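Structure first, then comments.
The chains referred to below are lettered A, B, ... by the order of the sequence lines, with proteins before strands, and numbering in each begins at 1. The structure displayed is predicted, hence computed values, not measured ones.
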Amino acid sequence: MEISKLLSALNPAQRDAATADSQHLLVLAGAGSGKTRVLTTRITYFCQHFDLSPWSIMAVTFTNKAATEMRGRLEELLGMPTKQLWIGTFHGLAHRFLRAHWAEAGLPQNFQILDSDDQTRLLKRVLKDMNLDEEKWPARQAAWFINSQKDEGRRARHISHNGDLFLATMQKVYAAYEEVCQRNGVIDFAEILLRSHELWLNNPTLLAHYQGRFRHILVDEFQDTNSVQYAWLRLLAGKEGMLTAVGDDDQSIYGWRGAKIENIRRFQQDYPQAELLRLEQNYRSTGVILKAANAVIANNSDRMGKNLWTEGTDGEPIKLYAAFNDLDEAQFVARSIEQQIGRGYARREIAILYRSNAQSRLLEEALLRAGLPYRIYGGQRFFERAEIKNAVAYLRLLGIRNDDIAFERVVNLPVRGIGDKTLETLRELVRAEGLSMWSAAETVIKQKLLPAGAIAKLAAFLHLIETLDAGTREAPLHELVDAVIKQSGLWQHHEKEKGEKGQARLENLQELVVAAREFDWDEDDAPSPLAAFLDHAALESGEQQAGEFEDAVQMMTLHSAKGLEFPLVFMVGMEEGLFPHEMALQENNLEEERRLCYVGVTRAMRQLYITYAEIRRLYGNESCKTPSRFIREIPAALVQEVRVKTQPVSSTPSPFRSNTPSVAVPRQTTLGGNESGEGALRLGQRVSHPKFGKGTILNFEGNGPNARVQVNFTDVGSKWLVAQYARLETA
DNA sequence: GAAGGGTGTCTTTTT
DNA sequence: GACACCCTTC
């Protein structure tokens, strides 16, 4: 596309950002300010206006989704295939360097990637081998420790423990883990970045080569970079390269996994000449929504500073609903969605955002009852499913016999009578001789170190892998996958499984064959289709695409909503302790929670609903909640409280009581002729009914003897009853 | 080695 | 309250 035409479609700030020719550029891009558009236009501008070859541009993102999207848009803009453009995630690009220079990086050519699940399993082994009590030294904690060290660029040898037992132990574990990984030829996610960084540090010529090649590096979501990622970028950009960082300090919500919001400031310190531009005009949300977002985020200290504005109208006020419990909240959301669909919203335009996944269940149930199709984002991904990981483990063994993680995973799956005793013998050999499990097995067989029965079973397994490998050398990838699934016995194993679960697993395995058939092998990436496919499986967890185009209400955590937008948004569970989350408060992370709130509010385009419950059941016990402080941070004038029918509202003060005393509400409504003390029916009251059993009062309608009461019974669900006939007793 | 019971955990998530 | 994980049992 013609560049002048592209530029004329941008506003002045966007145009400045797209065309700035300073060597170092920092763009603070507010939510909905057209950031991706600026990035892609900037790349196009540099290609066309400066005649810079796409070959010399690198664009880095955090998720595969963002990378794919950017590539798609660029293909459109540039009007040509973008294969030579290096667009990808940090991990994807770093991995590419490692594949190309495996020897210099100190890796075997066929090194494999360990996902977090593999990592934890491996660490469990390591801890066990070190005779560390797993109660006291959980694998997950060790994994967390190692990953955060790697995120900071530290190796085991860099850790000084000063006699601290925890640090000293973790250092030993880290060192042992490094060794096992090296011996097995596997690298975890954090290692991909660290290793790639070290590759350049140790090979100045190589670094110089790439510095010469990549003349312009652009990073998206810069506020989410961790220390290694930032160091990696700086190193690659070098003295000559141009570096464009686009980000929003107000949307930094991944501090807990190593992201360094400080990198934005560091960028300015490290590149004092850097140009700073702000994109503040928002094209997404109404004035009301933006004012609310601005007001909330203004409570954070030490911001870079930014104020979103729009030329659009104010739009509808934010609707606030105080539910008396979590069930009521879910029902309210379902009812409101039905209403809004009646007013013309499509289901897919509506999102429910929550702080933690546990909240989704009640909402799901309410949507289900209302007959509203929904789709939940997040949850288990395709390549993380157990059955898929099993099949992949077989594939990995075909690739490298020495892959102990894969070996351990499937040596007895499906069961072939290779038990703990056999494996312990192998592991001992592994420890003593530094062998892999596979070669240990070969030794055990050759030297008959076990009873004949065990030897035979072990030999049969090795034979199975060898035969599979030999028989599929020439076969296309999907046939290989199919053969592995069938001949390993995995297929039969799941066929025998009863219930829907086995069926679902078979379908997933089938899907793996399909994925293999559709997989496009790029020779630059890996030496064989199988190797490339395994990398793909590790690096792209395979977000479920199925059902993506179905018209369904969208449900997800606030975190996974980042980068998305929806005409109608429900932010639910806005209670102290839940959002901001208790843990965050304890760890003094209130500001990050507030940024998360900012992210949530700015997802909404036309209308925002906020709900909270006064009583919520969490982890089995009910507790009283107070409205989130974030609600109070929204100016009252932007908010309209919603009441359902002649509802008794609020047993706790409205968050706006201080601003609008006239809204003060009677404390609690009691019902029927039984207003004195003990038998009184209240919202949230546990009651029992002679026929329906126990339940909780959800709702009232009307007054006096004809009042109706809605009870959610444990066994039969929710029912409306006329109070005077219901013979409800408080339970 | 599958099934059942007991125990502990329970914020957010990509790669 | 739900689920995963570990251990024991048959």
Side-chain angles (χ1 to χ4, degrees), chain A residues 60-67 88-96 98 113-121 124 134-135 138-141 144 147 150-151 187-194 196 221 224-226 228-229 252-259 326 353-362 377-381 383-384 386 412-421 493 496-498 535-543 556-563 573 577-587 589 592-593 595-597 599-600 616-623 714:
Chain A
V60 197
T61 63
F62 274 85
T63 64
N64 289 300
K65 196 178 163 207
T89 62
F90 275 103
H91 290 86
L93 297 171
H95 171 252
R96 210 161 154 182
L98 293 180
I113 300 162
L114 223 52
D115 70 14
S116 15
D117 181 55
D118 298 329
Q119 186 188 33
T120 316
R121 279 161 178 269
K124 232 174 219 173
E134 56 185 323
E135 304 262 295
R140 284 188 53 188
Q141 184 188 41
W144 180 85
N147 291 337
K150 288 189 178 180
D151 283 349
I187 59 176
D188 58 46
F189 288 132
E191 182 78 24
I192 295 177
L193 297 168
L194 182 53
S196 160
E221 307 275 18
D224 287 337
T225 49
N226 65 29
V228 170
Q229 285 162 339
S252 161
I253 55 174
Y254 286 111
W256 51 275
R257 64 172 203 219
D326 41 8
L353 309 182
Y354 35 82
R355 178 64 178 85
S356 66
N357 285 305
Q359 289 168 257
S360 72
R361 218 195 73 235
L362 280 182
Y377 281 75
Q380 215 182 21
R381 283 153 218 280
F383 284 107
E384 286 167 5
N412 200 31
L413 204 138
V415 282
R416 35 178 84 90
I418 301 177
D420 236 22
K421 234 181 286 163
H493 174 71
K496 272 186 275 176
E497 234 177 336
K498 36 196 180 287
D535 287 341
H536 170 78
L539 284 173
E540 301 198 24
S541 46
E543 180 72 49
M556 68 197 78
T557 62
L558 287 154
H559 280 91
S560 21
K562 193 169 81 154
L578 191 59
F579 189 35
H581 199 277
E582 191 58 45
M583 300 263 196
L585 292 174
Q586 276 168 29
E587 288 164 24
N589 285 336
E592 182 154 310
E593 294 287 292
R595 291 193 289 268
L596 189 55
C597 180
V599 166
R616 181 176 298 274
R617 180 177 284 264
L618 210 59
Y619 307 135
N621 30 10
E622 279 184 342
S623 57
T714 321

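- For A/F90 and B/dT15, the CZ to P distance is 13 Å, given to the nearest whole Å.
- Between A/M583 atom CE and B/dT12 atom P the separation is 10 Å, expressed in whole Å.
- For the pair A/R616/A/E622, no side-chain contact is recorded, criterion being any heavy-atom separation below 4.5 Å from C-beta on.
- Distance OH (A/Y377) to C1' (B/dT13): 16 Å, rounded to an integer number of Å.
- Nucleotides of DNA chain B nearest to A/H91 and A/N412 differ in position, and the one nearer the 5' end is that of A/N412.
- Atom CZ of A/R381 and atom P of B/dT13 are 8 Å apart (whole Å).
- Remark: A/R617 engages no residue in a side chain to side chain donor-acceptor pair (under 3.5 Å) (not counting sequence neighbours).
- If you check every strand for non-hydrogen atoms under 4.0 Å, A/Q229 touches nothing.
- Residue-to-nucleotide contacts include no donor-acceptor pair under 3.5 Å from the side chain of A/S116 to the base of B/dT13.
- Atom NZ of A/K150 and atom P of B/dT14 are 20 Å apart (whole Å).
- If you check every strand for non-hydrogen atoms under 4.0 Å, A/E593 touches a base.
- The pair A/K124-A/E134 does not meet the salt-bridge criterion, since no charged nitrogen lies less than 4.0 angstrom from a carboxylate oxygen.
- The aromatic rings of A/H559 and A/Y254 sit tilted, their planes meeting at an angle between 30° and 60°.
- The residue from A/R595, A/R257, A/K562 that alone fulfils the salt bridge (charged side-chain N to carboxylate O under 4.0 Å, His left out) condition with A/D224 is A/K562.
- Here A/D115 lies out of heavy-atom contact (under 4.0 Å) with every strand.
- Residues A/E593 and A/I253 form no side-chain contact, since every pair of their non-hydrogen atoms from C-beta on lies 4.5 Å or further apart.
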Practice problem: Carefully, step by step, assess A/F90 and A/T61 under the rule side chain to side chain contact (heavy atoms under 4.5 Å, CB included). | Solution: CA-CA 6 Å; A/F90 275 103; A/T61 63; over 6 Å; no

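- Syn is the conformation of B/dT11, whose glycosidic angle sits no further than 90° from 0.
- Distance A/E135 CD to B/dG8 P: 8 Å, rounded to the nearest Å.
- Taking side-chain N and O atoms only, A/N357 has a distance below 4.0 Å to OP1 or OP2 of B/dT13.
- Ring stacking holds between A/H581 and B/dT11, with the centres under 5.5 Å apart and the planes within 30 degrees of each other.
- Regarding contacts with the backbone of B/dT14, every side-chain N or O of A/N64 stays at 4.0 angstrom or more from both OP1 and OP2.
- Counting non-hydrogen atoms under 4.0 angstrom, A/G419 reaches nothing in the nucleic acid.
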Quiz item: Which is it for A/T63 and A/E221 under the side chain to side chain contact (heavy atoms under 4.5 Å, CB included) test, yes or no, and what are the steps along the way?
Solution: CA-CA 10 Å; A/T63 64; A/E221 307 275 18; over 6 Å; no

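- One atom, NZ of A/K562, and another, P of B/dT11, lie 21 Å apart when rounded to the nearest Å.
- At B/dT15, none of the side-chain N or O atoms of A/T89 fall inside 4.0 Å of OP1 or OP2 (strictly under the cut-off).
- At least one side-chain heavy atom of A/H536 sits under 4.5 Å from a side-chain heavy atom of A/F383.
- Within the nucleic acid shown, A/A190 has no heavy atom closer than 4.0 Å to any nucleic acid atom.
- Proximity of A/Y619 to the phosphate of B/dT11: a side-chain N or O atom is located under 4.0 Å from OP1 or OP2.
- Nearer the 5' end of DNA chain B, as judged by each residue's closest nucleotide, is the contact made by A/R140, out of A/R140 and A/E384.
- Separation of the C1' atoms belonging to B/dT14 and C/dC3 is 24 Å when rounded to the nearest angstrom.
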Exercise. Sugar-phosphate atoms are those with a prime plus P, OP1 and OP2; base atoms are the rest. Using that split, label each nucleotide of nucleotides 2-10 of chain C B, S or - for protein heavy atoms under 4.0 Å, 5' to 3'.
Key: S---S----

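- Aromatic stacking is marked for A/W256 over B/dT12, as both cut-offs hold: 5.5 Å for the centres and 30° for the planes.
- Between the CG atom of A/L193 and the C1' atom of B/dT15 there is a distance of 8 Å, given to the nearest Å.
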